[in-house]
Number of protein chains: 2
Amino acid sequence: MHSLCVRTHSECKLKMDNKKKIRISDIARLAGVSVGTVDRILHNRGRVSKEKRACVERVLKEVNYKPNLMARSLAMKKTINIIALIPSFKTGEYWEDINRGISCAETELDLYNVRIERILFNQYDELSFNKAVDTLLKKEFQGILIGTLFGEPVVRLSLELDNRKIPYVYVDSNIIGQNCLAYFGTNSYDGGYIAAKLLMEKIPENSDILISRIMRECKNCSTQICNREKGFIDYLTKCDYQGQIYYCDLSIDDPLYNTQVLDEIFNSTGKYIKGAVLFNSVCYVLADYLSRHREKQIKLVGYDLLARNIEHLLEGNIVNLIAQRPEMQGYNGIKALAKYLVTGECVPKVNYMPIDILISENIQYYNNQSI
Amino acid sequence: MHSLCVRTHSECKLKMDNKKKIRISDIARLAGVSVGTVDRILHNRGRVSKEKRACVERVLKEVNYKPNLMARSLAMKKTINIIALIPSFKTGEYWEDINRGISCAETELDLYNVRIERILFNQYDELSFNKAVDTLLKKEFQGILIGTLFGEPVVRLSLELDNRKIPYVYVDSNIIGQNCLAYFGTNSYDGGYIAAKLLMEKIPENSDILISRIMRECKNCSTQICNREKGFIDYLTKCDYQGQIYYCDLSIDDPLYNTQVLDEIFNSTGKYIKGAVLFNSVCYVLADYLSRHREKQIKLVGYDLLARNIEHLLEGNIVNLIAQRPEMQGYNGIKALAKYLVTGECVPKVNYMPIDILISENIQYYNNQSI
DNA sequence: CTGAAAGCGCTTACAG
DNA sequence: CTGAAAGCGCTTACAG
């Protein structure tokens with residue numbers, strides 16, 4: 001059956017050495033078939049005889065064919081729809097940055113006929129997430145990026161997507177054991193470990209510290225925060241930390257309540273507290289109090305570049321912010337989906353973002369680089 | 001003359017609202033001319049009558065035309081040649097990272113028929129730079145990225161490029177007063193200022209410190225290093241630092257000599273030195289000595305993620321490395337050139353990279369993100 | 001000065 | 001199962 005192959009091996013070689021990009025029509029010519037047949041084989045569209053298939057595949061193996069993606073996307077009028085399922089946000093909030101990365105990828109991919117639709121939910125309300133899932137499952141889409149705030153319903157959604165063979169990417173925090181195409185986010189444990197190191201080098205040895213939590217967070221939502229706290233504590237243990245750890249639950253929007261709670265701690269047994277940390281993105285809540293009532297005697301380490309956190313960092317009410325390249329998470333997440341959908345290529349499954357350390361002197365440069 | 005315009009304003013509007021991307025042929029139809037004529041106007045190729053020009057421009061203004069870049073680049077077989085004029089490097093050295101960013105852009109831009117040629121020079125030898133310039137000026141190229149090690153000859157080259165109307169981008173350190181298309185690199189002064197802050201918070205108040213330099217650097221080469229030192233000293237002044245500053249000149253490749261020099265300092269008046277800094281990328285030279293002779297009693301801050309620096313950071317011989325996203329510099333620099341050459345769009349002229357603070361705990365994640 | 005036509009590399013009906 | 005042809009949006013000779 002090889003007689004069907006009208007070109008010899010050496011001719012193929014010649015073609016290869018000859019640097020010019022080889023095209024589908026070249027392959028067709030070399031294999032003695034039409035471009036339509038080559039295309040069918042390239043894309044597994046079937047309806048090709050064993051003989052021709054073997055012949056074309058033989059040529060393919062020899063020439064290292066790379067499709068011209070521009071020509072492809074020009075010829076296919078078909079658009080690819082990607083959904084971004086992320087929390088809604090206000091200006092200056094954490095998810096705004098992730099969304100900015102998504103928008104950036106969106107602009108770039110527009111040329112390739114990739115469209116992105118955002119479906120938003122309330123990050124403090126699991127029900128709103130479930131509703132968003134119901135909405136999106138009715139839509140036509142080929143890929144989805146998921147902000148993994150709510151572990152359990154994300155797993156449910158993932159199973160459904162597995163069924164439908166729709167690729168999905170996680171951002172923010174990872175949920176292991178799922179078939180996501182990729183995860184983009186930090187190693188939360190190490191993010192906590194680093195916070196402890198930064199805090200410890202700024203306060204006198206074995207001073208007491210305060211760990212604050214935000215009450216409005218639902219119990220089961222963020223593995224991110226649990227893992228950070230675990231890393232934090234492990235660092236303390238490793239250095240044989242001997243101080244006292246205080247815990248408190250703060251309100252995200254009731255400063256009076258917070259003042260009451262914190263005054264109580266600081267004015268009683270907590271008067272030797274020299275450092276504090278808060279593991280989600282709103283450490284400004286604590287900084288608000290400290291700046292007004294404690295005159296920078298207490299070193300605070302927090303996470304994420306919310307506008308209100310940055311203000312406090314610049315004023316010295318926060319000593320370090322730990323950032324995790326949210327824009328990059330959004331950008332890379334969308335690009336990974338598009339790459340897979342356009343070319344079939346995969347990226348590594350777990351992609352840990354850098355854990356960036358910000359101080360008042362370097363924060364002005366942090367978001368200068370375009371992505 | 002408006003009668004030449006066969007479509008009315010409202011028809012244009014209709015076309016716009018109708019979301020579909022408008023094409024050159026749409027414009028031609030709306031203006032009552034051929035696509036060839038529209039193309040000539042779009043690209044200022046001349047040979048168009050005043051009337052038709054006015055008519056087409058009128059339509060253009062109304063429809064917010066955006067060319068389809070994929071179709072354009074598919075149709076133009078013409079390739080764009082960009083030169084990267086950078087130092088040669090060995091594995092694990094600083095410029096390897098910049099080069100990696102360049103390669104990354106290269107891969108991406110291949111689709112757009114952008115080709116990149118590297119011309120390398122010896123970063124310690126101004127003559128080799130000048131030779132490289134001679135070589136490249138004989139070539140055919142449309143844009144160039146320049147590693148600005150040698151201030152004066154870079155200025156000369158820039159003037160020649162201005163003459164030829166060839167856009168150029170600076171990376172690594174900025175040279176002000178030139179017409180570069182863009183600069184990508186850090187603010188060196190702030191890079192030094194931050195080094196001082198990091199060092200000061202790790203050593204006892206007013207301990208003595210050591211500033212090391214590398215002898216092989218040519219006197220006139222790096223404004224980068226001068227500026228870092230200036231920032232460093234200014235921070236000390238600002239905190240009213242009272243310690244003693246020692247200076248020493250080290251060899252990049254003669255550890256015995258360095259041992260001698262450093263032993264002399266540390267064993268005499270320098271015995272109270274608790275901190276050290278080195279402003280170019282090879283602080284491993286000093287770390288080599290400290291790790292062998294001073295048992296981590298001296299805190300060292302350095303720059304850039306050379307393989308040998310990273311080793312010392314992980315072993316605790318360096319407390320902080322300050323990094324400046326070299327890959328991003330290379331990548332963004334090339335992309336800026338390509339963008340300008342393909343679409344005519346400019347990026348901001350001065351693009352300060354983030355000043356990243358690395359410790360042993362976060363360095364493993366630093367280069368994980370693809371760019 | 002202007003337009004009709006061919007071509008970039010790929011995909012997609014369509015006819016056989 | 002297979003191939004010839006048209007088309008994606010733009011550019012580029014070419015003829016007039």
Side-chain angles (χ1 to χ4, degrees), chain A residues 1 4-6 15 20-57 60 63 65-80 110-114 341-344, chain B residues 1 4-6 15 20-57 60 63 65-80 110-114 341-344:
Chain A
M1 77 174 119
L4 277 172
C5 291
V6 298
K15 202 65 197 165
K20 280 188 181 164
K21 303 234 162 156
I22 67 132
R23 301 152 297 176
I24 283 194
S25 61
D26 294 320
I27 294 169
R29 190 166 37 72
L30 289 167
V33 300
S34 76
V35 294
T37 302
V38 175
D39 189 70
R40 263 169 234 123
I41 290 167
L42 246 22
H43 296 91
N44 282 315
R45 290 200 235 281
R47 299 193 302 160
V48 179
S49 68
K50 287 246 173 307
E51 290 76 23
K52 303 233 167 184
R53 173 179 297 277
C55 189
V56 169
E57 277 172 351
L60 242 22
V63 295
Y65 169 70
K66 303 228 185 207
N68 180 325
L69 297 183
M70 318 199 70
R72 170 181 295 176
S73 119
L74 185 61
M76 302 197 311
K77 285 133 302 192
K78 179 172 53 172
T79 69
I80 292 173
D110 186 56
L111 287 176
Y112 293 88
N113 287 321
V114 174
L341 291 167
V342 171
T343 72
Chain B
M1 76 172 122
L4 277 173
C5 292
V6 297
K15 199 70 196 162
K20 282 187 181 169
K21 301 234 161 155
I22 66 132
R23 299 151 301 175
I24 284 195
S25 61
D26 294 321
I27 294 169
R29 191 166 35 74
L30 288 168
V33 300
S34 75
V35 294
T37 302
V38 175
D39 189 68
R40 263 168 235 124
I41 290 167
L42 244 23
H43 297 90
N44 283 314
R45 293 201 233 278
R47 299 192 303 160
V48 179
S49 68
K50 287 248 172 306
E51 292 75 22
K52 304 234 166 183
R53 173 178 297 278
C55 191
V56 169
E57 277 171 350
L60 243 21
V63 295
Y65 170 69
K66 304 226 184 211
N68 180 325
L69 298 183
M70 319 198 71
R72 171 181 295 175
S73 118
L74 186 60
M76 302 197 312
K77 283 134 304 192
K78 180 172 52 173
T79 69
I80 292 174
D110 186 56
L111 287 176
Y112 292 89
N113 288 322
V114 175
L341 291 168
V342 171
T343 72

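Chain identifiers are assigned alphabetically (A, B, ...) following the order of the sequence lines, protein sequences preceding nucleic acid strands; residue numbering begins at 1 within each chain.
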Give me the atom names and distance for the closest heavy-atom approach of [X] to [Y].
X: A/Ala28; Y: A/Ser34; result: CB-C, 3.7 Å
X: B/Met70; Y: B/Asn68; result: N-OD1, 2.9 Å
X: A/Arg23; Y: A/Asp26; result: N-OD2, 2.7 Å

* Kindly write out the residues that satisfy side-chain contact (heavy atoms from CB on, under 4.5 Å) with B/Val48, not counting sequence neighbours, or none if the list is empty. => B/Thr37, B/Arg40, B/Ile41, B/Lys52, B/Arg53

* Asked: Looking at residues at least two apart in the chain, or sitting in another chain, which of them share a side-chain contact (heavy atoms from CB on, under 4.5 Å) with B/Ile27?
  -> B/Ile22, B/Val38, B/Val56, B/Val59, B/Leu60, B/Val63, B/Tyr65

* Looking at DNA chain C, which of residues 35-42 of chain B put a heavy atom within less than 4.0 Å of it? -> B/Thr37, B/Arg40

* Assign B/Arg53 to base, sugar-phosphate, or nothing according to its heavy-atom contacts below 4.0 angstrom with the strands shown. => nothing

* To do: Treat a base pair as Watson-Crick or G-U wobble with both distances under 3.5 Å, then lay out DNA chain C in dot-bracket form, 5' to 3', with | for cross-strand pairs.
  => |||.||||||||.|||

* **Qualifying residues under side chain to side chain donor-acceptor pair (under 3.5 Å), relative to B/Asp39, sequence neighbours excluded** => B/His43, B/Arg45

* Asked: Nucleotide range of DNA chain D contacted by chain B, 5' to 3', under 4.0 Å to a heavy atom?
  -> D/dG9 to D/dT12

* Structure fact -> In this structure, CG of A/Leu42 is separated from CD of A/Glu57 (nearest 0.5 Å) by 10.0 Å

